[in-house]
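One-based numbering along the sequence shown. Since the model is a prediction, treat every value here as computed from it, not as a measurement. Atoms within a ligand are numbered from 1 in the order they appear, just like the ligands themselves.
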Amino acid sequence: MSAWVSSHGPKTHYGLSFSNGYSWRKQQQFAVSHLKNFGEGKKTLQNHIQREGHFLCEAFKEEQGHQFDPLVKINNAVANVIGTLVFGQRYEYDDIQFQTLLRMSAESVYLTGSIWNELYDAFPRVMSRIPGPHHTIISNYRRLAAFLKEKIEKHKLDWDPREPRDYIDSYLAETEKRKYDKEAQFDMDNLALCMVDLFEGGTETTTNTLRWALLYMLKYPQMQEKVQEEIDQVIGRSRLPTMADKASMPYTNAVLHEVNRKGNIVPLNMSRVAIKDTTLGDYFVPKGTVMITNLSSVLHDKNEWEMPDAFNPEHFLNADGQFRRRDAFFAFSAGKRMCPGEYLARVELFLLFTILLQNFTFSPPADEEPSLNSQVGFTQAPMPFKLCVLPR
Ligand code: HEM
């Protein structure tokens with residue numbers, strides 16, 4: 001998801017989020033396969049996230065002894081994960097240029113949920129002459145696209161098809177391979193837009209989910225304790241968490257699923273269009289109708305969840321305390337267009353969350369009751385909050 005409809009402008013048939021048909025399918029398959037198979041041998045996705053988790057802990061340690069807002073550091077860590085997959089580079093948490101870019105990206109995702117964006121999509125010609133925040137989305141997008149295009153140009157200079165380093169390198173190879181398959185649209189403009197979609201889609205959502213996770217730990221310290229007990233039992237304090245640990249950590253897994261459910265990061269999903277006349281329940285939906293599927297209604301359905309409005313990890317645990325899947329868990333949507341980054345998001349959330357709770361106990365600033373109020377743009381994010389860290 002990106003800042004997207006507006007900023008893609010006339011090229012809405014490009015990128016991952018708003019393209020359709022054959023080209024979308026090929027681009028989507030390629031992206032999913034890259035996200036799953038990134039890094040062979042030592043350089044696995046897991047190693048790379050563990051390494052970023054280590055840097056994040058170091059950055060949190062520096063804040064020991066006073067309260068701070070974890071947003072910038074978490075956002076940077078998450079952006080570094082997707083940045084390494086896409087263009088093979090991470091940035092220090094105090095890199096001013098990268099921080100500016102991340103701020104602009106977050107601003108665009110927020111503004112994408114505004115009425116200005118809706119109006120621009122409906123009346124682009126008129127709105128392009130009227131001042132308003134929709135112009136910010138476009139100018140921010142141009143900065144991000146220029147930053148990413150520069151990465152593509154640099155990659156072209158030292159590209160070795162035998163040693164793909166990241167998504168750009170693999171995409172360059174795929175472009176060669178598919179040069180006679182014009183319909184698949186593997187070209188440099190499309191590469192840049194796919195990168196924007198992966199970068200923005202992969203950063204805001206995961207950052208805000210991790211922020212919700214920490215906020216719930218501040219709000220419910222007894223749950224934080226239970227997660228830490230499980231970490232101590234299964235992993236201990238001296239080695240890094242791995243994905244293999246997840247199967248033995250039903251409570252932590254349930255907490256993270258409940259964060260996804262209750263955090264409800266993309267409440268109105270992405271709007272889609274009916275590609276043919278369809279009947280849905282009692283309703284006839286003509287071809288071309290814009291469909292907005294309300295994920296909140298499913299994630300808070302009182303017929304599906306025992307305590308839909310509470311933060312209750314037990315939703316994902318059976319009577320024996322083992323993890324249980326739920327049919328109404330649609331945080332990543334469903335069907336052909338469901339989130340292609342789900343696998344990556346799950347690995348990131350599990351590893352970064354457990355590394356943080358293995359290393360620190362989190363608490364709210366003295367005499368402050370954590371607020372669970374949210375700010376809703378395109379995504380639903382916690383309001384800015386501060387916390388204190390106590391090394392374990
Ligand atoms: C907690 C984290 C995440 C959540 C809750 C989330 C949720 C979603 C949702 C609800 C959609 C809309 C699906 C639809 O239209 O039916 C979506 C689409 C998308 N997401 Fe995610 N996402 C997350 C992480 C990621 C990550 C890590 C990436 C990239 C690496 C990513 C990339 C995308 C892209 C490119 C799309 C558009 C797919 C398409 O139109 O075919 N997301 N995501």
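Arg346 pairs by the salt bridge (Lys or Arg N to Asp or Glu O under 4.0 Å) definition with Glu342, not counting sequence neighbours. Tyr216 is linked by a ring-ring contact (aromatic ring centres under 6.0 Å, His included) to Trp212, Phe311, counting only residues two or more places apart in sequence or in another chain.
A salt bridge links Lys73 and Glu63; the closest N-O separation between the charged side-chain nitrogens and carboxylate oxygens is under 4.0 Å. A salt bridge links Arg239 to Asp245: at least one charged side-chain nitrogen sits closer than 4.0 Å to a carboxylate oxygen. A salt bridge does not link Glu258 to Lys262: none of the charged side-chain nitrogens sits closer than 4.0 Å to a carboxylate oxygen.
In this comparison of Thr205, Ile82, Val347, Asn208, the heavy atom closest to atom 2 (C) of ligand 1 sits on Thr205. Across the listed options Cys339, Gly201, Ala345, Ala31, Cys339 owns the non-hydrogen atom lying nearest to atom 20 (N) of ligand 1. Heavy-atom proximity to atom 37 (C) of ligand 1, evaluated over Ser17, Gly341, Ser271, Gly15, is greatest for Ser17.
Polar contact check, Ser333 against ligand 1: a nitrogen or oxygen pair lies under 3.5 Å apart. Considering backbone and side-chain atoms alike, Gln28 places every N or O at 3.5 Å or more from each N or O of ligand 1. Between Arg272 and ligand 1, at least one N/O pair is under 3.5 Å apart. Distances between N or O atoms of Leu16 and those of ligand 1 include at least one value under 3.5 Å.
Using bins of under 30°, 30° to 60° and over 60° for the plane-to-plane angle, the ring pair Phe199/Phe98 lands in the perpendicular bin.
The proximity of Thr293 to ligand 1, defined as any non-hydrogen pair under 4.0 Å, does not occur for either the backbone or the side chain. The residue Leu85 has no part lying near ligand 1, judged by heavy-atom distances below 4.0 Å. Contacts with ligand 1 closer than 4.0 Å are made by backbone heavy atoms (N, CA, C, O) of Ala331 only, the side chain lying farther away. If you look at Trp24 next to ligand 1, the close heavy atoms, those under 4.0 Å, all belong to the side chain.
A distance of 9.0 Å separates CG in Asn190 from OG1 in Thr175, rounded to the nearest 0.5 Å.
Across Ala331 and Leu299, no two heavy atoms sit closer than the pair N-CD2, 3.9 Å.
For ligand 1 and Thr209, the ligand atoms under 4.0 Å from any heavy atom of the residue are 1 (C). Taking every non-hydrogen atom of Met270 and a distance limit under 4.0 Å, the qualifying atoms of ligand 1 come out as 12 (C), 15 (O), 18 (C). Near Leu35, with a cut-off below 4.0 Å to any heavy atom, the atoms of ligand 1 are 30 (C). Distances below 4.0 Å separate heavy atoms of Leu198 from the following atoms of ligand 1: 29 (C).
Arg326 CZ: more than 12 foreign heavy atoms inside a 6.0 Å radius.
Figure legend: Arg90 and Phe55 shown as a cation-pi pair, the cationic atom lying under 6.0 angstrom from the six-membered ring centre and within 45 degrees of its axis.
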